[in-house]
Each structure stands twice: as C-alpha cells, then as structure tokens.
Engineer: 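Handing you a structure now.
Ligands are counted one by one from 1 in listed order, and the atoms in each one are counted from 1 as well. This structure is a prediction, so every number in the text was calculated from the model and none was measured.
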Amino acid sequence: MSDPATPAPGWPFWVGTSWKMNGLPDDARSYAERIAAVDDWHGVLPFVMPPFTVLADVARLLRDSPVQVGGQNMHWDECGSWTGEISAPMLRQCGATMVELGHSERRRHFGETDQTVNLKVHAALRHGLTPLVCIGETQAERDGGVADLILARQVRLALHGLTAAHVGRVMFAYEPVWAIGEAGRPAPPELVAQAAAGIRQELDRAAGAPGVSPPLLYGGSVNLENAAPYAALAGIDGLFVGRAAWTAEGYAALARAAARPPRRGP
Ligand code: PGA
C-alpha cells in the first residue's frame, strides 16, 4: 500500500513552454489573460517563459494563477559591467520563479557552455530561482554512438559543486538537438525512455539517492499528437514545448493532452 503523502513516481507532471523570441506586449498580455482564465489544469504544473520585455507583465497577470513564470536565460553575476545581460535578482523582481538555462539555441549561437550553465545554476539557486537546465545531443553525436556520454557530461558539469540537497532543486529538460524546431523530428518515445534512464542514473548519483533527484522533462517537437505518448513514459516528469504552445489555446490543449489520471489514495 503506498503512502498517500508520497507522490507516485512521475507525479506531479510539468507542462511548460518557452516563447523564445516571440511575444509583443499586446499578444503577451492576451496570452497571459487567456491562460489565467483556465480553471482546471488537470493536475499538471504549468509554466511559461516569455521574453524579458514582457516578463513582468505576464507574471503580474498570472500572479493569482498556478502558472509559474520564468526567464529564458540570465547572467551568473548579480550586477556589473555585462552589457545586454539580465541577472537573477532582476528576474526575481519581475516575478519570475524559474529560469531556463543552456538551451541548445544558446549553446549553438551564443557561446553557452557547460561551464557557464554551471555558474548560472549556482546563481539561480542563490537567488531562489528554479533552474531548468536543457541538455541534448546533436545528430552527429547520436550517430557516433556518444549520445549517452554527452548527456552524462552535460548533467555532471551543470551540477558541479552543488550539495546533494541543492541537486533536488534543479530541473532538467532532455531535448535532442535534432528534435527541436522547424527542421526537427520528434524523437521516438523508446529512444526518449532509453536516454531518460541514463540521465536518471546521473541525477540519482548526484542527488545521493534515488527518488529525490530532479524532475526530467522532454522537449523537441512536442505537439498534440505525441504529447500523451511522451507523458506516458515512466522516466519523464513533464514536457517542455516550443511552437505547439505559442498560442494560449494550443498550450492549454497540450496540458490537457499530457495530464495523467488523478492519483488515487492507497
Ligand atoms: P519546439 O521547441 O517544440 O518548437 O521543437 C522545443 C524547445 O526548443 O524547447
């Protein structure tokens, strides 16, 4: 008989979206108002990550809703001569509770490395933000048979220097680089399950015990058709969505599609 106070494996289930570089103020407000009006999230934990320019507005509109708000990146320092950057205290002041770190677009186009992700993870935790660290292998790395090594390395370096207790306050998203965006192909669920098992081993090792390690989300061409099969995978604790959630209706529909049956008592 299971203890009702102990969440069932894989529960709760996160469904979040990054708007990437989309969302002018009017559109952002209308999106936020629509999802603020959703009265039943079917047990999922929702979060949105809008661009910095609308973050405070979106956070204000969602303040009384269960939807958490996060930034899509930040700097590791608190303030100083870092032209064009945003700090953790700035995100907090805007109402963010989460921050996405290490997305493959930032790694590829803006020089993000495992080392800078690690600095940012420490800074986020120091300032009370939940870091959502994105990891994923390229097609060449998968073809070359080193996907698991790459994922393990990304996890280890992201968590470097954290105590076991702090490890449990980080979230991860497995996002194969080849599955993301217009040119992406959704990853087969079996492949996601296999990669997630390897990632979980690394997370458990860092957390010092199984069952307390970070939530692991899947992202990359998630849509209404494949949301439920991904959500059914035992090793996956949530979905992180781009394009399919760029309308409020699309996002709410995805959350419904990914919702797992309510947990029953013992
Ligand atoms: P996509 O983006 O859903 O548009 O493929 C996912 C991501 O980049 O997190």
Engineer: Starting from atom 6 (C) of ligand 1, locate the nearest protein heavy atom and write down its residue, its atom name and how far away it is, to 0.1 Å.
Structural biologist: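 That would be G242 N, 3.7 Å.
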
Engineer: Geometry only, no angles: is G181 polar-contacting ligand 1 at N/O separations under 3.5 Å?
Structural biologist: yes

Engineer: Taking the non-hydrogen atoms of S18, is any one of them nearer than 4.0 angstrom to ligand 1?
Structural biologist: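 It does not, in that no heavy atom of S18 comes within the 4.0 Å cut-off of ligand 1.
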
Engineer: Is E182 near ligand 1, meaning one of its heavy atoms is under 4.0 Å from it?
Structural biologist: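 Distance cut 4.0 Å: E182 fails for ligand 1.
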
Engineer: Only heavy atoms of H103, strictly under 4.0 Å: list the atoms of ligand 1 that pass.
Structural biologist: 7 (C), 8 (O), 9 (O)

Engineer: If the test is side chain to side chain donor-acceptor pair (under 3.5 Å), which one of T138, D114, T113 qualifies with R107?
Structural biologist: D114

Engineer: Among all protein heavy atoms, pick out the one at the shortest distance from atom 9 (O) of ligand 1; state its residue, atom name and that distance to 0.1 Å.
Structural biologist: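 Scanning the protein heavy atoms, the shortest distance from atom 9 (O) of ligand 1 goes to E175 OE2, 2.6 Å.
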
Engineer: Does atom CD of E141 have more than 12 heavy-atom neighbours from other groups under 6.0 Å away?
Structural biologist: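 Result for CD/E141: enclosed.
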
Engineer: Any side-chain to backbone donor/acceptor pair from Y230 onto A187? Under 3.5 Å, distance only.
Structural biologist: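 Flag set: sc Y230 to bb A187 pair under 3.5 Å.
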
Engineer: Could you check whether Y251 and W41 have their ring centres less than 6.0 Å apart?
Structural biologist: yes

Engineer: Could you identify the single nearest non-hydrogen protein atom to atom 2 (O) of ligand 1 and state the distance to 0.1 Å?
Structural biologist: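 For atom 2 (O) of ligand 1, the nearest protein heavy atom is K20 NZ, 3.4 Å.
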
Engineer: Do the two ring centres, one from F240 and one from F172, sit under 6.0 Å apart?
Structural biologist: no

Engineer: Nearest protein heavy atom to atom 4 (O) of ligand 1, by residue and atom, and its distance?
Structural biologist: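 Here the nearest protein heavy atom works out to R243 NE, 2.6 Å.
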
Engineer: Counting distance only, does the side-chain N/O of S221 pair as donor-acceptor with the main-chain N or O of A179 below 3.5 Å?
Structural biologist: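 Between the backbone of A179 and the side chain of S221 there is a qualifying donor-acceptor contact (under 3.5 Å).
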
